[in-house]
> 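I have a structure here, written as structure tokens, and I will follow up with some questions on it.
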Amino acid sequence: MRIGAYIFLVKVRLLEALTYRFEVVTGIATRLVLLATAVYLWRAAFSGVGEASGMTEGDMVRYAIVSAAVGPVLASRVAGKVHERVRTGDISMDLLRPVAMPAQWLAEDVGESLGAGLLLSLPLLVSGTLLFGPALPAGPVAALLFPISLALSYGISWLLSALCGLVPLWTAEIGNLGNAKDGVLRILSGSLVPLWFFPDWAQNVSRFLPFQYTYQTPLAIFIGRGLGVREVAQAFVAQAAWILVLGAVFAWGWSRGRRLLMTQGG
Amino acid sequence: MSGAADTGDLGRRWPRWRPGLLRHARVAACFIRLALQTQLDYPVFLVSWLIVLPVQYFGGLWLLQILTVRFDSLAGWNFPVICFLFGLAGLSQGLVVTFFIGTWEMDRLVIRAELDQMLVRPLGVLFQVMFRHVNLIGLLDLVPALLIFAYGSRLVGFTWRPLTVLELVAVLVGATAIRAAVYVLVGSLAFWTSRTRSLVLFSANLLDRTTHFPLSLYAYWVQLALTFAVPIGFVSFYPTAGLLERGDLVALPFAAAAWTPVAGVLFFSLASAVFARGVARYTSAGS
């Protein structure tokens with residue numbers, strides 16, 4: 001059964017993540033420190049201000065905790081990995097395996113993300129709660145919708161990374177474009193400052209870009225902002241649409257780039 | 001004629017030759033020339049950085065501008081002062097990335113035993129670590145940093161007099177030394193734990209969050225720690241208050257540009273002492 005091979009890749013990556021305990025402890029500690037800086041930022045911002053853009057200090061602290069927790073899950077390394085494998089030529093080994101290459105990358109990344117979720121996200125959620133206040137979903141509806149939205153987020157953020165990973169098939173020496181994508185994502189995903197604080201024109205532009213549907217959409221659901229039926233439906237449709245669009249672009253790019261790679265490898 | 005053969009310690013047989021400052025400067029210039037030549041051979045790799053760095057600098061500043069618009073100020077710091085702070089922090093960041101990027105990759109020296117070849121050369125080891133690799137990407141850091149600093153100093157009405165320029169130079173030298181010392185300290189951990197890559201990235205992130213934001217938004221004990229234990233406050237926070245003569249913006253009495261070079265010298269001395277202990281402990285990777 002072919003699917004068994006992918007499940008095996010997921011399992012291997014998961015086990016690999018479990019092996020490096022020192023990395024896990026420093027990973028949690030360093031993320032907690034960065035989370036603390038975000039919490040202090042919101043506390044300073046809200047000092048003397050009760051509410052801004054419909055949010056209170058408590059809302060934003062919760063938002064920051066959950067943002068830090070989902071960070072390790074949403075981080076996908078596929079762009080860097082492909083760049084490295086094309087540069088070194090290891091990609092030919094991937095092609096020899098009897099599984100489709102992009103699916104192989106996806107399976108490995110899902111395994112890594114599951115490992116990160118277990119080893120980093122959960123401890124971060126718990127320690128963030130202990131240090132800065134409870135990070136609980138806004139209600140049963142939010143608790144139910146959050147994981148669905150997060151799964152869609154993962155799809156978008158993986159595809160964005162994978163698309164950057166295709167670029168080296170054309171030009172290997174341009175550097176890792178994934179870093180450039182990450183830079184834009186950091187600003188426009190709402191991972192630090194949500195877009196509802198942005199000026200109106202920026203919010204309008206961002207609505208038509210994929211970035212805010214990675215972090216902000218699930219985080220807003222979690223803290224209970226925009227839980228109306230219409231808003232939720234809009235959010236999910238936007239997320240699904242971006243997966244379809246980016247998926248189509250990726251499939252097209254891969255089918256072309258793959259042939260280029262063959263001729264280059266000789 | 002006894003003795004020479006049974007002297008196990010090579011160091012005692014050779015005269016201890018300490019090259020002077022001039023020779024170090026000449027070697028540093030040579031390192032820089034070589035690094036530039038190798039990097040300019042493949043200039044396209046800079047392309048992705050041409051996108052990343054402006055996005056990072058202008059995007060980061062934009063987020064702070066958005067917050068100061070919604071919330072008026074952050075811990076009493078308004079946007080013009082934060083912009084000045086951000087630009088000042090960016091300049092020393094650019095300098096450290098240009099000249100001392102070698103301090104970011106110190107774990108490689110230990111894991112791959114690259115330190116061996118440095119130990120046998122008649123030059124300071126830390127000097128080689130720091131100057132071995134001059135980085136063109138750092139110049140790309142400096143451009144947005146300069147633009148932001150110029151904009152910030154216009155917003156706050158910074159007066160360019162010979163004295164303030166001198167203060168500014170002293171601040172940049174000190175701030176670069178403080179940043180370099182942070183990376184030397186983190187990198188020296190590799191002598192004990194061998195893996196430090198993730199800690200280096202964390203330090204870079206943390207330095208951003210502590211030099212781009214005014215320190216006064218953190219708890220008092222954090223401010224104390226970032227003043228006396230790890231003097232990151234002297235990179236941009238105190239010198240901004242000092243250069244703008246705004247002692248009211250900071251809680252501790254260090255609002256003067258002169259403190260930054262002092263903190264830089266002290267902290268860098270500490271870092272190089274720790275590094276020296278690490279080297280003493282170093283055993284190469286092979287047999």
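Just so you know, these numbers come straight off a predicted model, no measurement behind them. All values below come from the heavy atoms of this structure, side chains included, with hydrogens, waters and symmetry mates left out. Quick note on labels: first sequence line is chain A, next is B, and so on, each numbered from 1.
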> By a 4.5 Å heavy-atom criterion (distance strictly below it), what part of A/L192 contacts chain B: side chain, backbone, both, or neither?
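When you check distances to chain B, only side chain atoms of A/L192 fall under 4.5 Å.
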
> Are more than 12 heavy atoms from other residues, nucleotides or ligands located less than 6.0 Å from atom OH of B/Y151?
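No - once you tally the heavy atoms of other residues, nucleotides and ligands closer than 6.0 Å, there are 12 at most.
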
> Chain B heavy atoms under 4.5 Å from A/S47: which part of the residue, side chain, backbone, both or neither?
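Contact with chain B: none, neither part.
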
> What closest approach, in Å, do A/A44 and B/A75 show between heavy atoms, and which atom pair accounts for it?
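Closest pair (atom of A/A44, atom of B/A75, distance): CB-N, 4.3 Å.
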
> Checking heavy atoms, do the side chain of B/L53, its backbone, both or neither come under 4.5 Å from chain A?
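Neither part, no heavy atoms under 4.5 Å.
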
> Testing the basics here: between A/Y40 and B/A219, what is the closest heavy-atom pair and its distance to 0.1 Å?
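So the minimum-distance heavy-atom pair works out to OH-CB, 3.2 Å.
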
> What part of A/A38 gets within 4.5 angstrom of chain B, counting heavy atoms only: side chain, backbone, both, or neither?
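For A/A38, backbone and side chain are both near chain B.
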
> Considering non-hydrogen atoms only, spot the tightest contact between B/S198 and A/T26 and give its length.
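What the structure gives for the nearest pair is OG-OG1, 4.4 Å.
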
> Would you name the heavy atoms of A/T37 and B/R209 that are closest together and state the gap between them?
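The pair with the smallest heavy-atom distance is OG1-NH1, 2.8 Å.
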
> I need the minimum non-hydrogen distance between A/V33 and B/L206, along with the two atoms involved.
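Residues A/V33 and B/L206, closest heavy atoms: CG1-CD1, 3.6 Å.
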
> So how far is it from A/R186 CZ to B/L63 CG, rounded to the nearest 0.5 Å?
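Going from CZ on A/R186 over to CG on B/L63, the span is 10.5 Å.
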
> Contact part of A/W196 toward chain B, heavy-atom cut-off under 4.5 Å: side chain, backbone, both or neither?
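Backbone of A/W196 only, per the 4.5 Å heavy-atom cut-off to chain B.
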
> With chain A as the partner, which of B/N205, B/T210, B/D72, B/V222 has the greatest number of non-hydrogen pairs under 4.5 Å?
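Most heavy-atom pairs under 4.5 Å with chain A: B/N205.
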
> Which is it for A/L41 and B/L67 under the side-chain contact (heavy atoms from CB on, under 4.5 Å) test, yes or no, and what are the steps along the way?
CA-CA 10 Å; A/L41 182 68; B/L67 287 176; 3.7 Å; yes

> Between B/Y218 and chain A, with a heavy-atom cut-off of 4.5 Å, which part of the residue counts as in contact: side chain, backbone, both or neither?
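The answer is both parts of B/Y218.
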
